[in-house]
Amino acid sequence: MKPMITVVSLGPGSEELLTLQSIKALENAENLILRTARHPVAEYLMAQGHAFADFDALYDQFEDFDDMHAEMARRLWQEATSGPVTYGVIDAASDESVKALQSTLPKGAQVTILPGVTLCDARLSQLPPDFAHAGSLRILPAMTAAGSPHDPRTPVMITEIWQGVLAGDIKLWLSDLYDDEMPIVFFPSAVEKKSAAKVIPLMELDRQKVYDHTVCAYIPAAPMKARRRYCFEDLVEILDILRGPGGCPWDREQTHESLKKYLIEEAYETGGAIDEGDPDHIADELGDVLLQVVFHAAVGKAHGTFAIQDVTSAICSKMIYRHAHIFGDDHCATAEEVSDNWERLKKMEKGLTTQASVLADVSKGLPALMRASKVQKKAAQVGFDWDTALEALPKVTEEAQEVLEELNQQRDPAEELGDLLFACVNVVRLCGLDAEEALKNATEKFIRRFTAMENAIILDGKALKGLTLSEMDVYWNCVKAAQKSDAASR
């Protein structure tokens, strides 16, 4: 006997909304199981003398809904080994336990789904006139809604809000997208007699008296001007408006070349915000970086070269490919193994067959110190490197001596100065430090000491311009010693 399960959509209310096909299936069921007995149709079945089982007890046993749905499917298939099972849910098209049934279909088994009036269809017909719906609509069961990506420009019907805690989760999720005072439509339990839709502020979604599987909430579309919270799609739309007919003259004139400096500036300003450790400032600066990405995509779209979907597709494809230990069959147990695998996949992806080609692939657009460090790391991958900073340090002295010779001979020292900087980067790298950060910190220290030196000179009634370098050195050394002593005492 092959396992057979017939899924019946019980609909959003009493038996009056059942189809004739569904009524016959329920009345003729040999083994009837309802997802929940807290439904008006359950009362009708009991009144007609039809016995049934339900899964209500599972709601208190499971914290993870996916596990609960899997358990429902497991029990249903187990029951189906003894004979046909009829399974009643509110809406078969959106029910997660039905999806679990279909995904665990045993060999030779059969699932038949009977259509019915959906919970969403019934609720849409009850919307107040001010919320009349037309066009696209997103339908989300409450148990899978919270945290899912959502565009607030699209209306959404949240179905099956069966408990207050779940309503609270939904409210917190929506509060990241909409204002707390935004009017929404709340549909009370269909089990309650004469229940009617009511308009409430979003913040009161989890403050209602009764929740069960027939409770729904309709959140209308919210245009940008009606919100104080925005999403990625809003930013894309803003750029389209600014660069469209009647948009901003400055934004319409920009090109990849004219915008390049802003992208670099915003990236550095984000780095500065990270150094400050201020989360709000970091978020603000990351927004500026994101603007530049979307701006370049808008320019590309205008010229027909690429659009924002090409940008997101490129990075998503790259992340999936280079994380083969997550999305593929590779295995990496440590961060070091992940890094090695990343490099291996990157070489394959770019067709880099020699280590020299790997070095040449390091972007010339990087700051010089950063690029030097990355090139050195690539060379170190094949053993072309010192073991320690102590071994690399004599090279700095050697390069400094060559600079001295060029200066003594009154020749251009540019090439040797570059070698000196490159050697210094090597020592910094082998110390486990970042050359950019090291130089930045040194510059900041210089500014602090220079400021302290100048203040000391002013306190003595003197001026910088009136002193020789040797005289300034006296103040400089005093400041330097004082700052080192202060640092040591801390």
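All figures in this text were calculated on a predicted structure; none of them were measured in a lab.
Pairs engaging residues 415-433 under the salt bridge (charged side-chain N to carboxylate O under 4.0 Å, His left out) rule: D385-R429 [sequence neighbours left out].
No side-chain heavy atom of L417 sits under 4.5 Å from any side-chain heavy atom of E406. Side-chain contact between M143 and W162 is present, with at least one heavy-atom pair separated by less than 4.5 Å. The side-chain heavy atoms of L345 and H323, taken from C-beta on, include no pair separated by under 4.5 Å. Between F450 and L464 there is a side-chain heavy-atom pair separated by less than 4.5 Å.
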Derivation and outcome, salt bridge (Lys or Arg N to Asp or Glu O under 4.0 Å), residues K347 and E343: CA-CA 6 Å; K347 290 178 184 178; E343 290 297 326; over 6 Å; no
List the steps and the verdict of side chain to side chain contact (heavy atoms under 4.5 Å, CB included) for Q208 and K198. CA-CA 11 Å; Q208 306 306 303; K198 59 180 179 178; 2.8 Å; yes
Derivation of the salt bridge (Lys or Arg N to Asp or Glu O under 4.0 Å) call for R75 and E71: CA-CA 6 Å; R75 293 191 183 191; E71 177 62 15; 2.7 Å; yes
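Each of K378, R371, K350 was evaluated against D361; a single residue qualifies, K350, per the salt bridge (Lys or Arg N to Asp or Glu O under 4.0 Å) test. A salt bridge (Lys or Arg N to Asp or Glu O under 4.0 Å) with R35 is found for exactly one of D91, D95, D56, namely D95. Checked against Y178 for a side-chain hydrogen bond (donor to acceptor under 3.5 Å, both in side chains), the options H150, R229, K171 give a single hit: H150.
Looking at K440 and E436, no side-chain N of the basic residue comes within less than 4.0 Å of a carboxylate O on the acidic one, giving no salt bridge. The existence of a salt bridge linking E237 and R153 is confirmed by a sub-4.0 Å separation between a basic side-chain nitrogen and an acidic carboxylate oxygen. E349 and K346 are not joined by a salt bridge, as no carboxylate oxygen comes within less than 4.0 angstrom of a charged side-chain nitrogen.
For the residue pair H69 / E96, no side-chain donor-acceptor distance below 3.5 Å is found, with atom types taken as modelled. Using a 3.5 Å distance cut-off with no hydrogens or angles, the side chains of H281 and E285 do pair a donor with an acceptor.
Taking CD of Q254 as the start and CG of L239 as the end, the distance is 11.0 Å to the nearest 0.5 Å.
Taking both residues in full, the closest heavy atoms of A379 and L359 are given as N-CD1, 3.8 Å, listed atom of the first, atom of the second, then distance. Residue L101 comes nearest to A73 through the heavy atom pair N-CB, 3.8 Å, listed as atom of the first residue, atom of the second, then distance.
K99 NZ: more than 12 foreign heavy atoms inside a 6.0 Å radius.
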